[in-house]
Amino acid sequence: MKSELERLLREALRSLVPHVLAEPADPAQVVVERARDAQHGDFASNIAMRLAKAARKNPRDLAQAIMAGIPANELIASAEIAGAGFINFRLVKNAWAAELRKVAAQGTAYGRSNVGAARKVMVEFVSANPTGPMHVGHGRQAAVGATLSNLLEATGHDVYREYYINDAGRQIDILAVSVYLRYLELCGETVTFPSNGYKAPYILPVAKALHEKRGDALRRPGADVMRGAPPDAPAGDKDKHVDGLIANSRRLLGDAEFDSIVLFGRDAMLADIRNDLDEFRVTFDKWFSERELNQSGAVDRAIEALRKSGHMYTKDGAEWFKSTDYGDDEDRVVIRANGEKTYFASDIAYHFDKRQRGHDLLIDVWGADHHGYVTRVRGALQALGAPGNCFEVTLLQLVSLFRGGEKLQMGKREGNFVTLRDLRNEVGNDACRFFYLMRSHDQALDFDLELAKSRSNENPVYYVQYAHARVCSVMKELGARGFSYDAAAGSQHLELLDTPHEQAVITALSKYPETVEQAALNRAPHAVVHYLRDLANTLHTYYNAEKWIVDDAALRNARVTLALAVQQVIRNGLEILGVSAPESM
RNA sequence: GCGCCCGUAGCUCAGUUGGAUAGAGCACUUGGCUUCGAACCAAGUGGUCGGGAGUUCGAAUCUCUCCGGGCGCGCCA
């Protein structure tokens, strides 16, 4: 409806241009917005004020002229000039009845659109290192990434969800060493655990499984090299200590056997992560392995392509990408002086690979602590010939956990952090996803466990679900009283829905499609949460103000049609959020 | 020091591609269940939109500056 009005205004303007404007007006100047309240009609436009200067007329006169130029239209009941020069439109009642029928007719498809024009979008999110369970920060990335994907899908994008597995590099070796040390302990060896190894309890069952699978086969003569810090590691140099242990392990076992432990550990961690995400209703089209990317030669090919682009140079024995050509603060190392490729090298290849797989738009969901990497990744893509705007990152600010007003402190390597699984078990998946999505992505999130857990009016997730359950309950009551709902009759008598409460509900309902569209466009899942809360509010208000089950059949059916439409929209909205819509609570 | 994010009611936050009287939840006060679920509703109290300057017919929104808080700034991943 909004776009229809904008088209009408644009037409009126076009016919007026020769008379009132010195130069053609920019169509973007035509803005139609929801009226702020019922007194201002249904929609308002500020077009006259925007163009007043160019037209050299005062806004109200210009508005008058524009209004006169609007062709007759069955949508508009009235238009009037108000305030400094707003044009306020009131729609015919019929316009809203049509919207209501649309909800009934389209069902789960209501609110979906095609504005994405089937553009191929890859959303990469979570991508938590497979070195341990996911924590509450990953939970936010999971909830936001999943909902963002749903929103893009609902607006007609061709969405591909991917999880990037960081299973190459040092950290995964540290995981393997950690598992191996625990394994050796099970074999009866005495070992020394490096301070930056993974000491948390979740390593133990993995080591145990390895021991069950392989017996003592990985216990090699000379295992005492896993005891004590290597001689070249000064006290306190934990990096050298753990690197020494990795080297010792490789020497003891051979590369192939060590790598088998790497994969064993990785797969165990990944199984846990995957199960966690499944339970959280977060799924992916692909789990993409960095290790496989390396082995395929894609990283070397990407680096070679970068060299050819002329944006690489050698300095201090290392090879650098000239990311300053693309707005970065400094250039970045791609190949270290010791010949090893950096993590950034994999990232370049990975994002290049995404493009080569045919994805036009790459959206990454990252923790805000990675914000410094955006520019260099985009720069590399540009150097490889991609447009800069094909890559965007939704940065999520920190999540802090509170319990009863007290902030919980967490550290990862020690394993005393609250896992996503703990959080879900404590507050439930619905409340969990809802809370994660309530805030704008650039707002730090204070997650209050007590509030999320509380089954009281303080908890906003139940407020929305309750509205849905309430309609279900009324439908049951309808049957209990011997009535049956006649959809056709309801649809025919929608003009009976003329109380202010009913008008408010219908108006709220009709905002759903534009809410979804804007939320997708702005990458703002939280907008859907706020919308649903408002919609639920109008329904609760209506429920308390009027009886729905009345003797008059026409009115009864019309009211139930309205209630069912709200129920449908709540269900559609909650589906996007990944929150259930219970029939009773 | 540099970069990014934030600062709006007592608390937690919407609103930020410039628009009319800045909104909601919680908390607090008062009222509403013999009739479809009170996990609900209604009414009320509560604001120098961090401070200042600028641009504009119009600024919470844009620009500059200052103050306060968070996160980054490795040939780690």
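Only heavy atoms go into these numbers, but all of them, side chains included; no hydrogens, no water, no symmetry mates.
- Using N1 to N3 plus N6-O4 or O6-N4 for Watson-Crick, or N1-O2 and O6-N3 for G-U wobble, each under 3.5 Å, B/G68 pairs with B/C6.
- The nucleotide whose nearest atom lies closest to any side-chain atom of A/His371 is, among B/C36, B/G3, B/C75, B/G3.
- Between A/Asp259 and A/Arg250 there is a salt bridge, since at least one side-chain N of the basic residue sits less than 4.0 Å from a carboxylate O of the acidic one.
- In this structure, A/Ile549 reaches the bases: a heavy-atom distance under 4.0 Å links it to at least one base atom across the strands shown.
- A/Arg378 forms no cation-pi arrangement with A/Tyr326, by the criterion of a distance under 6.0 Å to the ring centre and an angle within 45° of the ring axis.
- Rounded to an integer number of Å, the gap from A/Asp448 CG to B/G25 P is 19 Å.
- Between A/Tyr463 and A/Glu340, the residue whose closest nucleotide on RNA chain B is further toward the 5' end is A/Tyr463.
- Within 4.0 Å of A/Ala337, counting heavy atoms only, lies at least one base atom of the nucleic acid.
- Across A/Ile87 and A/Ala79, no two heavy atoms sit closer than the pair CG2-CB, 4.4 Å.
- A/Ser473 comes within contact range of at least one nucleobase, with a heavy-atom separation under 4.0 Å.
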Worksheet entry | Criterion side chain to side chain contact (heavy atoms under 4.5 Å, CB included) on A/Phe125 and A/Tyr163, from CA distance to verdict | CA-CA 6 Å; A/Phe125 60 109; A/Tyr163 185 115; over 6 Å; no
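- Rounded to an integer number of Å, the gap from CZ of A/Arg376 to P of B/C73 is 9 Å.
- Among the heavy atoms of the strands, none lies under 4.0 Å from A/Glu290.
- When rounded to the nearest whole Å, the span between NZ of A/Lys341 and P of B/C75 equals 18 Å.
- Straight-line distance from the CZ atom of A/Phe447 to the P atom of B/C11: 22 Å, rounded to whole Å.
- Atom pair A/Tyr531:OH and B/A14:C1' shows a separation of 16 Å (rounding to whole Å applied).
- B/C76 and B/U12 are spaced 40 Å apart, taking the P atom of each and rounding to whole Å.
- When distances are taken from the side chain of A/Gln397 to each of B/A77, B/C5, B/U35, the shortest belongs to B/C5.
- The residue among A/Tyr542 and A/His530 whose nearest nucleotide of RNA chain B is located toward the 5' end is A/His530.
- One can place CG of A/Asn537 at 15 Å from C1' of B/A38, the figure rounded to the nearest angstrom.
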Discussion item. Checking A/Asp486 against A/Arg556 for the salt bridge (Lys or Arg N to Asp or Glu O under 4.0 Å) test, could you report, in this order, the C-alpha distance in whole Å, the side-chain angles of both residues, the deciding distance, and whether it holds?
Written reply: CA-CA 9 Å; A/Asp486 183 339; A/Arg556 184 178 67 240; over 6 Å; no
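- Nearest to the side-chain atoms of A/Tyr462 among the listed nucleotides B/U12, B/A39, B/A77 stands B/A39.
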Practice prompt. Take nucleotides 15-23 of chain B nucleotide by nucleotide from the 5' end and write B, S or -, depending on whether a protein heavy atom sits under 4.0 Å from the base, only from the sugar-phosphate, or from neither.
Written response: S--SBBB-S
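- For B/C13, the paired base is B/G23 (Watson-Crick or G-U wobble, both distances below 3.5 Å).
- Here A/Asp300 pairs with A/Lys341 in a salt bridge; the nearest charged N to carboxylate O distance falls below 4.0 Å.
- Remark: the A/Thr499 side chain and the A/Glu502 side chain contain an N/O donor-acceptor pair separated by less than 3.5 Å.
- Distance A/Lys547 NZ to B/C40 P: 17 Å, rounded to the nearest Å.
- Taking atom CD1 on A/Ile172 and atom P on B/C76, their separation rounds to 18 Å, with Å as the unit.
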